[in-house]
Enquirer: 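Encoded as structure tokens, here's the structure I'll be asking about.
When reading the values below, keep in mind they use all heavy atoms of this one structure, side chains included, and skip hydrogens, waters and symmetry mates.
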Amino acid sequence: MGDLFEVLIGTGMRKGEALGLHRDDVHLDQGVLYIRCTLSAVDNQRLVLTTPKTRSSRDWVAISPRVATALRRRARSAPSLRGDPNNPFPGLVFCQPDGRPLGPHLVLDRLHRLSEEAGVPRVTVHDLRHLAATITITAGVPLTMVSKTLRHSTLSTTANLYSHLTRQAAHQAVDTIDHTLTTAARAADSPTRPARLRPPRDHLHRLRKALGRFRSPAPSASSRLANQPRPRRATTLRPPRPQTHERPPSHG
């Protein structure tokens, strides 16, 4: 019955809906199954198939990969008794090895034995439906989607049944808003770059000059000599030539 419990937890289906599920109602290629029947016990003895009580219960249910794996495994091991006239419930997904349907009491007894083996308190089959609701609500799934998955008649039914979980989810929602706004405010108050990492302007100026000298080519030896001023020739200072005076003419 492990596959049955996997489907109950993975879909949130009711016990009678899972036990009354037919193979023709499972569409693995579309990832859905349809709820058309429910199996119940009259006076805890006679098993009957009926239609679901509410209109919202007769709906499709999404299938997860884990549920699809369980349904495929069940389809491989299910007995082929579709044409047996002695079988009043042909084509059931979950049935006994001889094709007879699983009574609700058999499922409950098996679940109690598993609880004892695991050392946990006893749970009912309907508790698995509550477990599916608890997982989805605490994970933040919107309540409207949870209500659709459980196929409640109204959204208020889901809210009333799981008010303690919705209150916890509401606190988580406002805490998320608070964390987001606080983080944004801190980012706005802090400078983009710390002031101590900004170099002063004179430092940038010296850095640019150093880079300019590094990038300019070094002058060659010939150019350095050409740029140097030529020394003047040494000149000898000569005394001025003495002036000669013309001799006056003689009158003799």
Side-chain angles (χ1 to χ4, degrees), residues 1-118 120-133 135-136 148-153:
M1 293 186 188
D3 294 332
L4 173 61
F5 297 145
E6 186 79 49
V7 172
L8 288 171
I9 298 174
T11 62
M13 295 172 61
R14 298 176 178 89
K15 172 182 57 179
E17 295 170 346
L19 295 178
L21 183 65
H22 286 73
R23 301 176 202 171
D24 296 336
D25 299 329
V26 179
H27 300 270
L28 296 178
D29 55 338
Q30 302 176 14
V32 297
L33 58 84
Y34 293 90
I35 305 298
R36 293 190 304 109
C37 303
T38 180
L39 182 72
S40 57
V42 178
D43 298 330
N44 291 329
Q45 292 180 353
R46 185 167 59 94
L47 299 178
V48 295
L49 275 175
T50 60
T51 57
K53 293 181 180 180
T54 62
R55 185 177 181 180
S56 60
S57 298
R58 298 188 297 271
D59 204 348
W60 59 271
V61 176
I63 298 176
S64 67
R66 289 180 61 96
V67 172
T69 301
L71 291 173
R72 290 191 184 95
R73 186 165 51 241
R74 185 58 194 169
R76 291 193 297 266
S77 60
S80 178
L81 300 172
R82 286 179 177 269
D84 188 357
N86 298 322
N87 182 17
F89 306 101
L92 291 178
V93 175
F94 300 103
C95 58
Q96 300 186 49
D98 58 359
R100 292 181 300 163
L102 286 171
H105 63 283
L106 296 178
V107 180
L108 182 61
D109 291 343
R110 177 58 176 165
L111 187 59
H112 285 172
R113 287 198 299 271
L114 291 175
S115 301
E116 292 176 359
E117 293 174 2
V120 298
R122 283 189 173 187
V123 295
T124 64
V125 181
H126 197 70
D127 289 334
L128 303 182
R129 177 174 168 86
H130 292 312
L131 175 60
I135 293 174
T136 52
K148 169 64 179 66
T149 302
L150 299 179
R151 288 164 291 109
H152 285 154
S153 56

Enquirer: Going by heavy atoms in the side chains, are K15 and H126 under 4.5 Å from each other?
Expert: no
Enquirer: Any non-hydrogen side-chain atom of F94 less than 4.5 Å from a side-chain atom of L71?
Expert: yes
Enquirer: Could you tell me the separation between the CG atom of L102 and the CZ atom of R100, rounded to the nearest 0.5 Å?
Expert: 9.5 Å
Enquirer: One pair to check against side chain to side chain contact (heavy atoms under 4.5 Å, CB included): L28 and R72. What are the steps and the verdict?
Expert: CA-CA 9 Å; L28 296 178; R72 290 191 184 95; 3.4 Å; yes
Enquirer: Is any side-chain heavy atom of R58 closer than 4.5 Å to a side-chain heavy atom of I35?
Expert: no
Enquirer: Can you measure from NE2 (H130) to CD1 (I9) and round to the nearest 0.5 angstrom?
Expert: 13.0 Å
Enquirer: Looking at every heavy atom in both H22 and P90, which two are closest together, and how far apart are they?
Expert: CD2-O, 3.3 Å
Enquirer: Quick one: closest heavy-atom pair of A133 and L150, and the distance?
Expert: CB-CD1, 3.7 Å
Enquirer: With rounding to the nearest 0.5 Å, note down the distance linking NE2 in H27 to CH2 in W60.
Expert: 13.0 Å
Enquirer: Looking at T51, D25, D24, which hits side-chain hydrogen bond (donor to acceptor under 3.5 Å, both in side chains) with R36?
Expert: D25
Enquirer: Could you please spell out the steps behind the side chain to side chain contact (heavy atoms under 4.5 Å, CB included) verdict for L33 and M13?
Expert: CA-CA 11 Å; L33 58 84; M13 295 172 61; 4.0 Å; yes
Enquirer: Any side-chain heavy atom of V123 sitting closer than 4.5 Å to one from S115?
Expert: yes
Enquirer: Considering non-hydrogen atoms only, spot the tightest contact between P101 and L92 and give its length.
Expert: CB-CD1, 3.6 Å
Enquirer: Which one of L21, L49, V48 satisfies the side chain to side chain contact (heavy atoms under 4.5 Å, CB included) criterion with L39?
Expert: L49
Enquirer: Just how far is it from atom CG of L8 to atom CG of L131, taken to the nearest 0.5 Å?
Expert: 10.5 Å
Enquirer: If you round to the nearest 0.5 Å, how far is OG1 of T69 from CD1 of I63?
Expert: 10.5 Å
Enquirer: Measuring only between side-chain heavy atoms, which start at C-beta, is P104 closer than 4.5 Å to L47?
Expert: yes
Enquirer: List the atom pairs, donor and acceptor, that lie under 3.5 Å between side-chain atoms in residues 106-114 and the rest of the protein, sequence neighbours left out.
Expert:
none

Enquirer: Hey, are the side chains of R74 and C95 touching, using non-hydrogen atoms and a 4.5 Å cut-off?
Expert: yes
Enquirer: Tell me the closest heavy-atom pair linking R23 and V93, and the distance in Å.
Expert: N-CG2, 3.6 Å
Enquirer: Testing the basics here: between P52 and S57, what is the closest heavy-atom pair and its distance to 0.1 Å?
Expert: CB-CB, 3.7 Å
Enquirer: Closest approach of T50 and S40, non-hydrogen atoms and distance?
Expert: OG1-OG, 4.5 Å
Enquirer: Is a salt bridge present between R151 and D59, judged by a nitrogen-to-oxygen distance below 4.0 Å?
Expert: no
Enquirer: Distance check, rounded to the nearest 0.5 Å: L4 atom CG versus L19 atom CG?
Expert: 6.0 Å
